[in-house]
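Order of the sequence lines sets the chain letters (A, B, ...), proteins ahead of strands, with each chain counted from 1.
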Number of protein chains: 2
Amino acid sequence: MTSGNPTVPESVTPPVGFTQHDHATCVVDGLSAAEARCSGEGLHFTPVRRKVLEILLQEHRALGAYVILDRLRDDGFGSQPPVAYRALDFLVTNGLAHKIERLNAFIACSHPRARHAPAFMICRLCDAVAEAQSSPARGALGAAARATGFLIERTVVEAEGVCPSCAEKPPEGKRA
Amino acid sequence: MTSGNPTVPESVTPPVGFTQHDHATCVVDGLSAAEARCSGEGLHFTPVRRKVLEILLQEHRALGAYVILDRLRDDGFGSQPPVAYRALDFLVTNGLAHKIERLNAFIACSHPRARHAPAFMICRLCDAVAEAQSSPARGALGAAARATGFLIERTVVEAEGVCPSCAEKPPEGKRA
DNA sequence: GTCCTCCATGTGATTATATAACATTACAAA
DNA sequence: TTTGTAATGTTATATAATCACATGGAGGAC
(Lines give C-alpha, C1' and ligand atoms only; values in the text may rest on other atoms or scores of the structure.)
Protein backbone atom coordinates (compact mmCIF):
# COMPACT_ATOMS: atom_id res chain seq x y z
CA MET A 1 0.00 0.00 0.00
CA THR A 2 2.15 2.75 -1.27
CA SER A 3 0.08 5.04 -3.36
CA GLY A 4 -3.27 6.67 -3.71
CA ASN A 5 -3.45 8.04 -0.23
CA PRO A 6 -3.37 11.76 -0.69
CA THR A 7 -5.66 13.18 1.94
CA VAL A 8 -5.64 10.82 4.84
CA PRO A 9 -3.41 12.28 7.52
CA GLU A 10 -1.01 10.09 9.38
CA SER A 11 -2.42 11.12 12.70
CA VAL A 12 -4.43 7.98 12.83
CA THR A 13 -3.07 5.21 10.69
CA PRO A 14 -5.16 2.35 11.84
CA PRO A 15 -5.14 -0.77 9.75
CA VAL A 16 -8.61 0.26 8.76
CA GLY A 17 -10.56 -1.12 5.94
CA PHE A 18 -9.38 -3.18 3.10
CA THR A 19 -9.59 -0.28 0.76
CA GLN A 20 -8.53 3.20 1.71
CA HIS A 21 -11.40 5.52 2.35
CA ASP A 22 -11.59 9.21 2.80
CA HIS A 23 -13.40 9.03 6.08
CA ALA A 24 -14.75 12.52 5.93
CA THR A 25 -16.41 11.80 2.63
CA CYS A 26 -17.54 8.47 3.94
CA VAL A 27 -19.35 10.03 6.85
CA VAL A 28 -20.85 12.90 4.90
CA ASP A 29 -22.03 10.68 2.10
CA GLY A 30 -23.44 8.10 4.46
CA LEU A 31 -25.41 10.69 6.35
CA SER A 32 -26.71 12.26 3.16
CA ALA A 33 -27.83 8.93 1.83
CA ALA A 34 -29.58 8.18 5.07
CA GLU A 35 -31.31 11.52 5.09
CA ALA A 36 -32.46 11.06 1.54
CA ARG A 37 -33.65 7.60 2.25
CA CYS A 38 -35.55 8.54 5.38
CA SER A 39 -37.19 11.61 3.96
CA GLY A 40 -38.17 9.59 0.94
CA GLU A 41 -39.82 6.91 3.04
CA GLY A 42 -41.30 9.06 5.73
CA LEU A 43 -38.94 7.81 8.41
CA HIS A 44 -37.86 9.98 11.30
CA PHE A 45 -34.12 10.49 11.12
CA THR A 46 -33.89 11.93 14.61
CA PRO A 47 -30.80 13.34 16.31
CA VAL A 48 -29.96 10.17 18.25
CA ARG A 49 -30.37 8.01 15.21
CA ARG A 50 -28.30 10.36 13.15
CA LYS A 51 -25.62 10.49 15.79
CA VAL A 52 -25.43 6.72 16.05
CA LEU A 53 -25.09 6.40 12.31
CA GLU A 54 -22.40 9.05 12.34
CA ILE A 55 -20.53 7.15 15.04
CA LEU A 56 -20.73 3.98 13.00
CA LEU A 57 -19.65 5.72 9.82
CA GLN A 58 -16.53 7.03 11.51
CA GLU A 59 -15.13 3.54 11.79
CA HIS A 60 -14.59 0.78 9.32
CA ARG A 61 -15.11 -1.83 11.92
CA ALA A 62 -17.97 -3.04 14.02
CA LEU A 63 -18.77 -1.28 17.28
CA GLY A 64 -20.45 -2.82 20.29
CA ALA A 65 -23.61 -1.20 21.57
CA TYR A 66 -21.89 -0.07 24.75
CA VAL A 67 -19.08 1.66 22.90
CA ILE A 68 -21.71 3.52 20.96
CA LEU A 69 -23.49 4.29 24.18
CA ASP A 70 -20.35 5.81 25.67
CA ARG A 71 -19.98 8.10 22.71
CA LEU A 72 -23.63 9.06 22.89
CA ARG A 73 -23.17 10.04 26.51
CA ASP A 74 -20.18 12.17 25.54
CA ASP A 75 -22.43 13.98 23.12
CA GLY A 76 -25.11 14.66 25.65
CA PHE A 77 -27.57 11.94 24.77
CA GLY A 78 -29.07 9.44 27.15
CA SER A 79 -26.64 6.95 28.59
CA GLN A 80 -28.76 3.89 29.24
CA PRO A 81 -28.58 0.84 26.99
CA PRO A 82 -32.04 1.21 25.41
CA VAL A 83 -31.02 4.54 23.92
CA ALA A 84 -28.35 2.87 21.83
CA TYR A 85 -30.27 -0.30 21.14
CA ARG A 86 -33.33 1.53 19.93
CA ALA A 87 -31.39 3.70 17.57
CA LEU A 88 -29.48 0.67 16.30
CA ASP A 89 -32.72 -1.19 15.82
CA PHE A 90 -34.03 1.64 13.70
CA LEU A 91 -30.89 1.72 11.58
CA VAL A 92 -30.75 -2.03 11.12
CA THR A 93 -34.45 -2.33 10.38
CA ASN A 94 -34.21 0.31 7.72
CA GLY A 95 -31.05 -1.02 6.13
CA LEU A 96 -28.77 1.80 7.24
CA ALA A 97 -26.64 -0.43 9.44
CA HIS A 98 -26.00 -4.11 9.96
CA LYS A 99 -25.38 -6.29 12.94
CA ILE A 100 -22.32 -8.50 12.77
CA GLU A 101 -23.60 -11.56 14.58
CA ARG A 102 -20.19 -13.07 15.03
CA LEU A 103 -19.09 -10.02 17.01
CA ASN A 104 -22.33 -8.90 18.59
CA ALA A 105 -21.53 -5.54 17.12
CA PHE A 106 -22.77 -3.09 14.53
CA ILE A 107 -21.49 -1.41 11.41
CA ALA A 108 -22.83 1.21 9.04
CA CYS A 109 -24.13 -0.09 5.76
CA SER A 110 -21.82 0.48 2.84
CA HIS A 111 -24.56 0.34 0.24
CA PRO A 112 -27.46 2.12 1.88
CA ARG A 113 -29.19 2.84 -1.38
CA ALA A 114 -29.92 -0.65 -2.54
CA ARG A 115 -31.77 -3.48 -0.93
CA HIS A 116 -29.28 -6.26 -0.61
CA ALA A 117 -28.16 -9.42 1.15
CA PRO A 118 -24.95 -8.33 2.79
CA ALA A 119 -21.91 -10.46 3.43
CA PHE A 120 -18.99 -9.44 5.60
CA MET A 121 -15.30 -10.06 5.79
CA ILE A 122 -13.88 -9.65 9.28
CA CYS A 123 -10.16 -9.35 9.87
CA ARG A 124 -9.23 -11.15 13.05
CA LEU A 125 -6.00 -9.15 13.36
CA CYS A 126 -7.09 -5.56 12.94
CA ASP A 127 -10.86 -5.95 13.35
CA ALA A 128 -11.56 -4.20 10.08
CA VAL A 129 -14.83 -5.22 8.48
CA ALA A 130 -15.68 -4.94 4.81
CA GLU A 131 -19.10 -5.40 3.34
CA ALA A 132 -19.71 -7.37 0.18
CA GLN A 133 -22.78 -8.69 -1.52
CA SER A 134 -23.92 -12.25 -1.18
CA SER A 135 -26.33 -14.19 -3.30
CA PRO A 136 -27.37 -16.81 -0.82
CA ALA A 137 -30.02 -18.32 -3.02
CA ARG A 138 -27.51 -19.19 -5.71
CA GLY A 139 -24.99 -21.26 -3.80
CA ALA A 140 -25.01 -24.51 -1.92
CA LEU A 141 -27.22 -23.08 0.77
CA GLY A 142 -29.85 -22.05 -1.73
CA ALA A 143 -29.76 -25.49 -3.26
CA ALA A 144 -30.18 -27.12 0.12
CA ALA A 145 -33.06 -24.81 0.92
CA ARG A 146 -34.85 -25.62 -2.30
CA ALA A 147 -34.21 -29.31 -1.85
CA THR A 148 -35.76 -29.33 1.61
CA GLY A 149 -38.48 -26.77 1.03
CA PHE A 150 -37.00 -24.21 3.39
CA LEU A 151 -38.04 -20.64 2.72
CA ILE A 152 -35.15 -18.25 3.21
CA GLU A 153 -36.14 -14.84 4.54
CA ARG A 154 -32.86 -13.48 5.74
CA THR A 155 -29.25 -14.58 5.68
CA VAL A 156 -26.20 -14.06 7.83
CA VAL A 157 -22.98 -14.45 5.89
CA GLU A 158 -19.78 -13.56 7.66
CA ALA A 159 -16.24 -14.61 6.83
CA GLU A 160 -13.48 -14.41 9.38
CA GLY A 161 -9.88 -14.24 8.26
CA VAL A 162 -7.05 -11.90 7.46
CA CYS A 163 -7.40 -8.71 5.47
CA PRO A 164 -4.91 -7.80 2.74
CA SER A 165 -3.14 -5.18 4.86
CA CYS A 166 -2.51 -7.58 7.71
CA ALA A 167 -1.54 -10.38 5.35
CA GLU A 168 1.22 -8.22 3.91
CA LYS A 169 2.76 -7.47 7.24
CA PRO A 170 5.10 -10.01 8.79
CA PRO A 171 3.67 -11.67 11.88
CA GLU A 172 5.36 -9.47 14.42
CA GLY A 173 2.76 -10.09 17.06
CA LYS A 174 -0.65 -8.61 17.04
CA ARG A 175 -1.20 -5.01 16.21
CA ALA A 176 1.20 -2.59 14.72
CA MET B 1 -43.14 -40.54 23.87
CA THR B 2 -44.36 -43.63 22.06
CA SER B 3 -43.74 -42.10 18.72
CA GLY B 4 -42.10 -45.03 17.04
CA ASN B 5 -42.18 -43.44 13.64
CA PRO B 6 -39.25 -45.12 12.01
CA THR B 7 -40.68 -45.23 8.55
CA VAL B 8 -39.28 -42.09 7.09
CA PRO B 9 -37.08 -43.16 4.25
CA GLU B 10 -33.63 -41.72 4.17
CA SER B 11 -33.51 -42.13 0.46
CA VAL B 12 -31.97 -38.79 -0.26
CA THR B 13 -28.47 -37.95 0.71
CA PRO B 14 -28.87 -35.28 3.33
CA PRO B 15 -28.53 -36.47 6.90
CA VAL B 16 -29.74 -32.98 7.32
CA GLY B 17 -33.01 -31.72 8.12
CA PHE B 18 -36.35 -30.75 9.11
CA THR B 19 -37.35 -34.23 8.10
CA GLN B 20 -38.33 -36.81 10.68
CA HIS B 21 -35.45 -38.36 12.50
CA ASP B 22 -35.26 -41.33 14.74
CA HIS B 23 -33.79 -39.44 17.64
CA ALA B 24 -32.57 -42.50 19.45
CA THR B 25 -30.50 -43.47 16.46
CA CYS B 26 -29.43 -39.89 16.06
CA VAL B 27 -28.08 -39.73 19.57
CA VAL B 28 -26.43 -43.13 19.53
CA ASP B 29 -24.82 -42.58 16.16
CA GLY B 30 -23.67 -39.13 17.08
CA LEU B 31 -22.03 -40.33 20.26
CA SER B 32 -20.37 -43.25 18.48
CA ALA B 33 -19.01 -41.00 15.80
CA ALA B 34 -17.67 -38.64 18.44
CA GLU B 35 -16.05 -41.48 20.34
CA ALA B 36 -14.43 -42.81 17.21
CA ARG B 37 -13.24 -39.39 16.23
CA CYS B 38 -11.80 -38.58 19.63
CA SER B 39 -10.09 -41.87 20.15
CA GLY B 40 -8.68 -41.62 16.67
CA GLU B 41 -7.24 -38.20 17.33
CA GLY B 42 -6.19 -38.65 20.91
CA LEU B 43 -8.84 -36.32 22.27
CA HIS B 44 -10.34 -36.82 25.71
CA PHE B 45 -14.04 -37.46 25.35
CA THR B 46 -14.73 -37.00 29.03
CA PRO B 47 -18.07 -37.47 30.80
CA VAL B 48 -19.04 -33.81 30.79
CA ARG B 49 -18.17 -33.42 27.15
CA ARG B 50 -20.04 -36.56 26.29
CA LYS B 51 -23.04 -35.45 28.29
CA VAL B 52 -23.15 -32.07 26.60
CA LEU B 53 -22.99 -33.67 23.19
CA GLU B 54 -25.74 -36.06 24.20
CA ILE B 55 -27.89 -33.14 25.33
CA LEU B 56 -27.32 -31.39 22.02
CA LEU B 57 -28.02 -34.52 20.01
CA GLN B 58 -31.37 -34.94 21.71
CA GLU B 59 -32.67 -31.83 19.99
CA HIS B 60 -32.75 -30.70 16.44
CA ARG B 61 -32.54 -27.15 17.46
CA ALA B 62 -29.96 -24.93 19.04
CA LEU B 63 -29.66 -24.79 22.82
CA GLY B 64 -28.35 -21.89 24.84
CA ALA B 65 -25.45 -22.52 27.17
CA TYR B 66 -27.60 -21.99 30.23
CA VAL B 67 -30.19 -24.52 29.16
CA ILE B 68 -27.37 -27.01 28.75
CA LEU B 69 -26.05 -25.98 32.12
CA ASP B 70 -29.41 -26.70 33.75
CA ARG B 71 -29.44 -30.17 32.31
CA LEU B 72 -25.89 -30.77 33.41
CA ARG B 73 -26.83 -29.86 36.93
CA ASP B 74 -29.74 -32.29 36.77
CA ASP B 75 -27.24 -34.96 35.88
CA GLY B 76 -24.90 -34.21 38.72
CA PHE B 77 -22.29 -32.20 36.92
CA GLY B 78 -21.02 -28.78 37.89
CA SER B 79 -23.55 -26.01 37.60
CA GLN B 80 -21.47 -22.95 36.90
CA PRO B 81 -21.25 -21.39 33.43
CA PRO B 82 -17.64 -22.35 32.69
CA VAL B 83 -18.54 -26.01 32.97
CA ALA B 84 -20.89 -25.74 30.03
CA TYR B 85 -18.81 -23.25 28.06
CA ARG B 86 -15.67 -25.32 28.32
CA ALA B 87 -17.34 -28.48 27.15
CA LEU B 88 -18.98 -26.55 24.33
CA ASP B 89 -15.67 -25.05 23.39
CA PHE B 90 -14.16 -28.52 23.16
CA LEU B 91 -17.00 -29.76 20.98
CA VAL B 92 -16.95 -26.74 18.70
CA THR B 93 -13.17 -26.69 18.39
CA ASN B 94 -13.16 -30.32 17.40
CA GLY B 95 -16.02 -30.09 14.98
CA LEU B 96 -18.52 -32.06 17.04
CA ALA B 97 -20.84 -29.12 17.55
CA HIS B 98 -21.42 -25.70 16.08
CA LYS B 99 -22.37 -22.34 17.44
CA ILE B 100 -25.32 -20.65 15.80
CA GLU B 101 -24.20 -17.05 15.99
CA ARG B 102 -27.58 -15.66 15.18
CA LEU B 103 -29.04 -17.35 18.25
CA ASN B 104 -26.07 -17.39 20.60
CA ALA B 105 -26.76 -21.09 20.93
CA PHE B 106 -25.27 -24.44 20.08
CA ILE B 107 -26.18 -27.49 18.07
CA ALA B 108 -24.61 -30.90 17.51
CA CYS B 109 -22.83 -31.36 14.23
CA SER B 110 -24.74 -33.40 11.69
CA HIS B 111 -21.66 -34.45 9.77
CA PRO B 112 -19.07 -35.07 12.43
CA ARG B 113 -16.95 -37.25 10.24
CA ALA B 114 -15.95 -34.80 7.59
CA ARG B 115 -14.25 -31.47 7.73
CA HIS B 116 -16.71 -29.00 6.33
CA ALA B 117 -17.95 -25.45 6.14
CA PRO B 118 -21.38 -25.68 7.68
CA ALA B 119 -24.41 -23.63 6.77
CA PHE B 120 -27.61 -23.55 8.77
CA MET B 121 -31.28 -23.08 8.13
CA ILE B 122 -33.14 -21.75 11.14
CA CYS B 123 -36.92 -21.87 11.33
CA ARG B 124 -38.20 -18.78 13.05
CA LEU B 125 -41.51 -20.51 13.87
CA CYS B 126 -40.48 -23.79 15.47
CA ASP B 127 -36.81 -23.07 16.11
CA ALA B 128 -35.71 -26.18 14.26
CA VAL B 129 -32.24 -25.94 12.80
CA ALA B 130 -30.90 -27.98 9.91
CA GLU B 131 -27.31 -28.18 8.85
CA ALA B 132 -26.25 -28.03 5.23
CA GLN B 133 -22.95 -27.62 3.51
CA SER B 134 -21.73 -24.34 2.18
CA SER B 135 -18.98 -23.62 -0.29
CA PRO B 136 -18.15 -20.09 0.69
CA ALA B 137 -15.21 -19.78 -1.63
CA ARG B 138 -17.34 -20.39 -4.66
CA GLY B 139 -20.02 -17.76 -4.42
CA ALA B 140 -20.11 -14.02 -4.41
CA LEU B 141 -18.35 -13.86 -1.08
CA GLY B 142 -15.44 -15.91 -2.36
CA ALA B 143 -15.19 -13.69 -5.39
CA ALA B 144 -15.15 -10.59 -3.24
CA ALA B 145 -12.49 -12.10 -1.02
CA ARG B 146 -10.26 -12.96 -3.94
CA ALA B 147 -10.80 -9.56 -5.47
CA THR B 148 -9.71 -7.76 -2.31
CA GLY B 149 -7.06 -10.19 -1.16
CA PHE B 150 -8.93 -11.26 1.92
CA LEU B 151 -7.96 -14.68 3.25
CA ILE B 152 -11.00 -16.58 4.48
CA GLU B 153 -10.34 -18.84 7.44
CA ARG B 154 -13.80 -19.52 8.69
CA THR B 155 -17.32 -18.70 7.61
CA VAL B 156 -20.63 -18.17 9.32
CA VAL B 157 -23.55 -18.92 7.04
CA GLU B 158 -26.99 -18.93 8.58
CA ALA B 159 -30.35 -18.58 6.89
CA GLU B 160 -33.43 -17.60 8.81
CA GLY B 161 -36.84 -18.47 7.47
CA VAL B 162 -39.60 -21.01 7.60
CA CYS B 163 -39.06 -24.76 7.51
CA PRO B 164 -41.19 -27.04 5.31
CA SER B 165 -43.28 -28.34 8.22
CA CYS B 166 -44.23 -24.89 9.41
CA ALA B 167 -44.84 -23.67 5.89
CA GLU B 168 -47.43 -26.40 5.39
CA LYS B 169 -49.30 -25.70 8.56
CA PRO B 170 -51.76 -22.86 8.85
CA PRO B 171 -50.63 -20.38 11.45
CA GLU B 172 -51.77 -21.92 14.70
CA GLY B 173 -49.48 -20.07 17.02
CA LYS B 174 -46.01 -20.92 18.06
CA ARG B 175 -45.45 -24.40 19.32
CA ALA B 176 -45.24 -25.18 23.00
C1' DG C 1 -54.88 28.57 20.52
C1' DT C 2 -55.99 23.79 23.76
C1' DC C 3 -56.21 19.22 24.01
C1' DC C 4 -54.95 14.79 22.59
C1' DT C 5 -52.46 11.06 20.71
C1' DC C 6 -48.50 8.91 18.97
C1' DC C 7 -44.08 8.17 18.86
C1' DA C 8 -39.49 8.88 20.44
C1' DT C 9 -36.52 9.43 24.28
C1' DG C 10 -34.88 8.87 29.12
C1' DT C 11 -34.11 6.09 33.22
C1' DG C 12 -33.78 2.32 36.64
C1' DA C 13 -33.88 -2.38 37.06
C1' DT C 14 -33.33 -6.86 35.41
C1' DT C 15 -32.29 -10.80 32.40
C1' DA C 16 -29.19 -13.21 29.29
C1' DT C 17 -24.70 -14.47 27.61
C1' DA C 18 -19.83 -15.13 28.39
C1' DT C 19 -15.22 -14.93 30.62
C1' DA C 20 -11.55 -14.14 34.38
C1' DA C 21 -9.23 -15.93 38.06
C1' DC C 22 -8.01 -19.32 40.96
C1' DA C 23 -8.57 -23.84 43.73
C1' DT C 24 -9.06 -28.73 43.35
C1' DT C 25 -8.91 -33.13 41.28
C1' DA C 26 -7.52 -36.96 37.98
C1' DC C 27 -4.13 -39.08 35.58
C1' DA C 28 -0.05 -40.25 33.32
C1' DA C 29 4.95 -39.84 32.88
C1' DA C 30 9.43 -39.60 35.16
C1' DT D 1 6.31 -41.08 44.89
C1' DT D 2 6.77 -36.95 42.70
C1' DT D 3 5.67 -33.96 39.29
C1' DG D 4 3.54 -31.92 35.28
C1' DT D 5 -0.53 -31.22 32.80
C1' DA D 6 -5.17 -31.33 31.56
C1' DA D 7 -9.80 -31.23 33.23
C1' DT D 8 -13.20 -29.84 36.44
C1' DG D 9 -15.30 -26.95 40.00
C1' DT D 10 -16.45 -22.47 42.09
C1' DT D 11 -16.67 -17.41 42.95
C1' DA D 12 -16.96 -13.33 40.91
C1' DT D 13 -17.41 -10.30 37.19
C1' DA D 14 -17.72 -8.62 32.45
C1' DT D 15 -20.46 -7.90 28.44
C1' DA D 16 -24.86 -7.87 25.77
C1' DA D 17 -29.73 -7.10 25.60
C1' DT D 18 -34.44 -6.31 27.24
C1' DC D 19 -38.39 -4.90 30.39
C1' DA D 20 -41.27 -1.57 32.44
C1' DC D 21 -42.57 2.73 33.06
C1' DA D 22 -42.06 7.93 33.09
C1' DT D 23 -41.24 12.08 30.27
C1' DG D 24 -41.41 15.07 26.35
C1' DG D 25 -42.26 16.88 21.76
C1' DA D 26 -44.47 17.20 16.99
C1' DG D 27 -48.88 17.29 14.61
C1' DG D 28 -53.67 16.82 14.06
C1' DA D 29 -58.73 17.61 15.75
C1' DC D 30 -61.49 20.80 17.48
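Boundaries of the chain A contact region on DNA chain C are dA8(C) to dG12(C), first to last in 5' to 3' order (nucleotide atom under 4.0 Å from a heavy atom).
With sequence neighbours left out, the salt bridge (Lys or Arg N to Asp or Glu O under 4.0 Å) criterion links Asp29(A) to no other residue.
Ionic pairing of Arg71(A) and Asp74(A) is not present here: no N-O contact between side-chain nitrogen and carboxylate oxygen is shorter than 4.0 angstrom.
If Val83(A) and Phe106(B) are placed on DNA chain C by their nearest nucleotide, the residue sitting closer to the 5' end is Val83(A). Each of His44(B) and Asn104(B) has a nearest nucleotide on DNA chain D; the 5'-most of these lies closest to His44(B).
In this structure, the CZ atom of Arg102(B) is 11 Å from the P atom of dA17(D), given to the nearest Å. Nucleotide dG24(D) holds its C1' atom 15 Å from the CZ atom of Phe77(A), rounded to whole Å. Per the geometry, NZ belonging to Lys51(B) stands 17 Å off C1' belonging to dT8(D), to the nearest Å. Put simply, CZ on Arg86(B) is 12 Å from C1' on dT11(D), counting in whole angstrom units. Atom C1' of nucleotide dT8(D) and atom CG of Asp89(B) are separated by 14 Å, given to the nearest angstrom. If you take OH of Tyr66(A) and C1' of dA16(D), they are 6 Å apart, rounded to a whole angstrom. Atoms CD (Gln80(A)) and C1' (dC19(D)) sit 13 Å apart, rounded to a whole Å. A straight line from CZ of Phe45(A) to P of dA26(D) spans 18 Å, rounded to a whole angstrom.
Between the side chains of Glu131(B) and His98(B), at least one donor N or O sits under 3.5 Å from an acceptor N or O. His111(B) and Gln133(B) share a donor-acceptor pair across their side chains, judged by distance under 3.5 Å alone.
Between Arg49(B) and dA7(D) there is a side-chain N or O to OP1 or OP2 distance below 4.0 Å.
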Stepwise, does the side chain to side chain contact (heavy atoms under 4.5 Å, CB included) test hold for Arg49(B) with Val52(B)? CA-CA 5 Å; Arg49(B) 291 165 178 178; Val52(B) 170; 5.9 Å; no

Please walk me through it: do Phe45(B) and Leu53(B) pass side chain to side chain contact (heavy atoms under 4.5 Å, CB included)? CA-CA 10 Å; Phe45(B) 196 49; Leu53(B) 182 58; 3.8 Å; yes

Step by step, work out the side chain to side chain contact (heavy atoms under 4.5 Å, CB included) result for Ile100(A) and Ile122(A). CA-CA 9 Å; Ile100(A) 308 295; Ile122(A) 308 165; 3.6 Å; yes

